[in-house]
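I have placed the structure first, in the form of structure tokens, so that the comments after it can refer back to it.
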Amino acid sequence: LRAQPVHPGCTQRAHSTAAASMEPAAKRATTALSRVKDDLLEPMLHYAMMHGLVYADKDLQKDPSHATQCPVAMLPGKLPANAFNDVVELSPLWNKLVDAVARDLDWLYKTLEAATAADPFTRRLVEVCREVQSEGLRQQVYLGIHRSDYMLHEPSGKDACSPRFLQVELNTIASSMAAHAANATGLHRFILSRYAQGSGQAAQALREHFGLGAQGELPAGSLPENPTLRQIPAALARAHAVYGAPRGSGILFVVQAAERNYADQRWLEFELWEQHKVPVIRKTLAEVLSEGILDVATGRLTLDGGSFEVSVVYFRAGYSPDDYPSEAEWKGRLLLERSLAVKCPSIAYQLVGAKKVQQALAGPGAVERFLAAGESRQLRASFAGLWGLGPGEDDAEIISQVMADPALYVLKPQREGGGNNFYGQDAADKLRELSKEDRGAYILMQRILPRPQAAILTREGRAQIAEGVSEYGFYSVFVGDGKKVHISEHAGHLVRTKMEGVDEGGVAAGYAVISSPFLAS
């Protein structure tokens with residue numbers, strides 16, 4: 001069944017004409033950027049690496065200190081200011097919705113029945129959730145660090161309509177790249193304020209590309225503040241305080257072994273100490289199991305031989321089956337969920353981020369179960385077309401539409417991270433392989449059609465000009481116990497830009513680069 005209609009005035013058509021040829025404006029932009037690329041690559045790289053936009057090198061055998069630049073765009077991408085501001089206003093509503101759904105376990109379990117039957121990973125998460133709930137939940141306070149991801153739907157030709165953000169997905173676990181996003185904003189502010197001045201070719205090109213004045217001055221608000229490095233550590237610190245912050249306590253970062261994206265995590269850790277004096281300890285799920293001591297009477301969890309009490313668990317791992325290679329990791333996760341520590345996210349919050357829940361919430365009356373009518377209308381304005389599959393869903397019609405015109409659809413499994421989705425003909429081929437029961441592990445989504453713009457993409461010290469499309473993530477933070485809300489705020493933004501024609505969009509997965517928005521009226 002179609003869960004949400006395509007927006008009026010924006011009929012679904014493939015973006016083939018725009019993909020086949022660049023418009024004159026795009027050609028002019030590419031010419032201008034070619035004058036910038038070589039002149040500014042070296043100072044851009046040096047600024048980026050000296051401000052923490054780095055990844056660990058792939059090979060650290062010879063020198064563990066080796067690092068490479070985080071993939072980043074040399075310049076920000078242009079974006080309508082009204083579209084940006086409209087979506088910022090949704091952040092507290094997403095917080096409210098996630099918390100309400102996570103506390104309505106009957107609805108959550110019912111919604112995930114088909115996915116649980118077809119997908120072993122979802123089934124195991126639900127089993128952990130049921131187990132800790134049946135034992136009696138130790139901690140009613142939830143900490144959410146969410147990121148709602150969108151693309152700017154802007155089809156061309158006879159299907160053209162006003163640009164509007166449509167939601168790609170809602171991330172409720174390991175919503176990463178926040179530190180890199182803030183530092184990319186700083187990079188772009190430096191590049192434009194420093195190098196758009198003067199009479200050189202690069203300065204002239206920057207002024208032309210961004211429509212700046214003769215002195216290269218930036219219009220007020222064109223590079224919006226990106227407060228991720230203030231807001232996210234503050235939310236973690238607030239959860240620590242709500243826990244009680246006893247002496248010898250601190251925050252546990254649950255991480256993957258040999259994490260290359262360490263800088264994005266360490267920035268949060270350093271800010272927690274420098275601004276809030278809250279210590280952080282880092283452990284894998286397997287290390288949690290082997291080192292963790294749970295006081296059965298109180299639920300207090302300690303590490304390091306009992307000297308470090310865990311007040312908050314911040315998961316930067318645990319979102320993928322790859323994070324659970326053995327039973328040890330699942331037992332480590334269960335130990336954390338049984339503890340008194342505030343979880344970010346709780347297992348219930350993680351389940352709310354499932355693709356099946358996203359699709360179900362787009363159905364008639366679903367959001368309205370949890371939010372007021374006006375709030376529901378605000379969120380629904382950002383919903384793309386979503387369809388359920390498998391048992392309990394009348395999916396024959398939508399599958400026939402996919403077979404007839406597969407370029408309009410994306411097939412999504414219940415997975416986080418890049419490289420999992422099926423696009424276009426691959427979606428149609430995958431649907432042919434799946435039984436009705438197996439289809440329950442997937443949803444179908446309308447293909448969002450952004451308009452490409454010229455960008456300078458940098459990776460491993462090299463720069464490339466390409467037509468790019470961007471995905472925009474908006475962070476929000478929440479601390480509450482179902483009765484009292486301690487924090488519910490917008491917490492910053494992330495832009496990931498990839499070459500046009502590339503379907504997936506993860507930075508760590510190698511598909512995209514970090515960017516920032518340049519707001520234009």
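Residues Gln265 and Arg282 have side chains that bring a donor and an acceptor to within less than 3.5 angstrom of each other. Judged purely by distance below 3.5 Å, without hydrogens or angles, the side chains of Gln256 and Asp323 pair a donor atom with an acceptor atom. Residues Glu489 and Ser91 have side chains that never bring a donor and an acceptor to within less than 3.5 angstrom of each other. For Gln359 and Lys356, the side-chain atoms include at least one donor-acceptor pair closer than 3.5 Å. Side-chain N/O atoms of Ser488 and Asn95 include a donor and acceptor closer than 3.5 Å. Looking only at atom types and distance, the side chain of His490 has no donor-acceptor partner in the side chain of Ser476 under 3.5 Å away. Residues Thr68 and Asp57 bring no donor and acceptor atom of their side chains to less than 3.5 Å of each other.
Within the 3.5 Å criterion, the main-chain N or O of Lys78 finds a donor-acceptor partner in the side chain of Gln453. In terms of modelled atom types and a separation under 3.5 Å, the side chain of Lys37 and the main chain of Leu457 share no donor-acceptor contact. The main-chain N or O of Ala181 is found under 3.5 Å from a side-chain atom of Thr185 such that the two form a donor-acceptor pair. At least one donor-acceptor pair closer than 3.5 Å links the side chain of Arg459 to the backbone N or O of Ala512. A donor-acceptor contact shorter than 3.5 Å links the side chain of Gln446 to the backbone of Gly385. Not a single donor-acceptor pair under 3.5 Å links the side chain of Lys412 to the backbone N or O of Lys355. A donor-acceptor pair is defined here as one N or O able to donate and one able to accept, closer than 3.5 Å; no such pair exists between the side chain of Glu271 and the backbone of Arg266. No donor-acceptor pair closer than 3.5 Å links the side chain of Glu259 to the backbone N or O of Val255. Proximity of a side-chain donor or acceptor of Ser222 to a complementary backbone N or O of Pro219 within less than 3.5 Å is detected. His486 places no side-chain N or O within donor-acceptor distance of the main-chain N or O of Gly480, the cut-off being under 3.5 Å.
Remark: Glu368 CD is packed, more than 12 non-hydrogen atoms of other residues, nucleotides or ligands lying under 6.0 Å away. Under a cut-off of 6.0 angstrom, the local environment of NZ in Lys484 is sparse, with at most 12 non-hydrogen atoms contributed by other residues, nucleotides or ligands.
The structure places CZ of Phe190 at 11.0 Å from CE of Met44, a figure rounded to the nearest 0.5 Å. With rounding to the nearest 0.5 angstrom, the CG atom of Leu268 is 5.5 Å from the CZ atom of Phe253. Atom CZ of Arg462 sits about 10.5 Å away from atom CG of Leu45, to the nearest 0.5 Å. The line from CG of Leu187 to NE2 of His51 is 9.0 Å long, rounded to the nearest 0.5 Å. Expressed to the nearest 0.5 Å, how far CG of Asn226 lies from CG of Leu494 amounts to 8.5 Å. Residue Leu218 holds its CG atom at 5.5 Å from CG of Leu192, rounded to the nearest 0.5 Å.
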(request) Please lay out, stage by stage, how Arg451 and Glu467 fare under the test salt bridge (charged side-chain N to carboxylate O under 4.0 Å, His left out). (result) CA-CA 9 Å; Arg451 184 167 296 182; Glu467 287 295 290; over 6 Å; no
(request) Any chance you could lay out the side-chain hydrogen bond (donor to acceptor under 3.5 Å, both in side chains) test for Gln69 and Thr458, step after step, and finish with the verdict? (result) CA-CA 9 Å; Gln69 65 150 127; Thr458 75; 3.0 Å; yes
(request) Under the side-chain contact (heavy atoms from CB on, under 4.5 Å) rule, what do Arg35 and Glu208 come out as? Steps first, then yes or no, please. (result) CA-CA 11 Å; Arg35 298 198 295 267; Glu208 176 186 337; 3.4 Å; yes
(request) Could you please spell out the steps behind the side-chain contact (heavy atoms from CB on, under 4.5 Å) verdict for Val469 and Thr497? (result) CA-CA 6 Å; Val469 295; Thr497 300; over 6 Å; no
(request) Determine, stepwise, if the pair His240 / Tyr243 fulfils side-chain contact (heavy atoms from CB on, under 4.5 Å). (result) CA-CA 5 Å; His240 172 74; Tyr243 178 86; 5.7 Å; no
(request) Take Arg164 and Leu152, measure what side-chain contact (heavy atoms from CB on, under 4.5 Å) needs, and give me the verdict at the end. (result) CA-CA 5 Å; Arg164 65 188 306 163; Leu152 195 67; 5.6 Å; no
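With a 4.5 Å cut-off on side-chain heavy atoms, Val242 and Asp481 do not count as touching. Within the 4.5 Å cutoff, no side-chain heavy atoms of Leu170 are placed close to those of Leu361. For the pair Asn171 and His146, the minimum side-chain heavy-atom distance is 4.5 Å or more. In this structure, the side chains of Ser470 and Met151 stay at 4.5 Å or more apart for every pair of heavy atoms. For the pair Leu229 and Asn183, the minimum side-chain heavy-atom distance is below 4.5 Å. Side-chain contact between Leu272 and Pro233: present, with at least one pair of heavy atoms (C-beta onward) separated by less than 4.5 Å. Side-chain contact check for Arg316 versus Asn261: some heavy-atom pair is nearer than 4.5 Å. Taking the side chain as every heavy atom from C-beta outward, Tyr349 and Asp99 approach each other to under 4.5 Å.
Annotation: cation-pi geometry not satisfied between Lys96 and Trp94 (NZ/CZ under 6.0 angstrom from ring centroid, within 45° of ring axis).
The minimum heavy-atom distance between Asp264 and Ala178, with the atom names listed, is OD1-N, 3.3 Å. Taking both residues in full, the closest heavy atoms of Ala56 and Leu60 are given as CB-CD1, 4.2 Å, listed atom of the first, atom of the second, then distance. The minimum heavy-atom distance between Pro224 and Arg189, with the atom names listed, is O-NH2, 3.9 Å. Contact record, Arg147 with Ser175: N-OG, 3.6 Å, taken as the closest heavy-atom pair. Minimum interatomic distance between Pro279 and Ser249 (heavy atoms only, all atoms of both residues): CG-O, 3.5 Å. Of all heavy-atom pairs spanning Tyr55 and Tyr262, the tightest one is C-CE2, 4.0 Å.
The aromatic rings of Phe474 and His493 sit tilted relative to each other, their planes meeting at an angle between 30° and 60°. Relative ring orientation between Phe210 and Phe518 is described as tilted, the plane-to-plane angle lying within the 30° to 60° band.
Between Arg380 and Glu375, no side-chain nitrogen of the basic residue sits less than 4.0 Å from a carboxylate oxygen of the acidic one, so the salt-bridge criterion is not met.
Taking the six-membered ring for Trp and the full ring otherwise, Phe165 and Tyr472 have centroids separated by under 6.0 Å.
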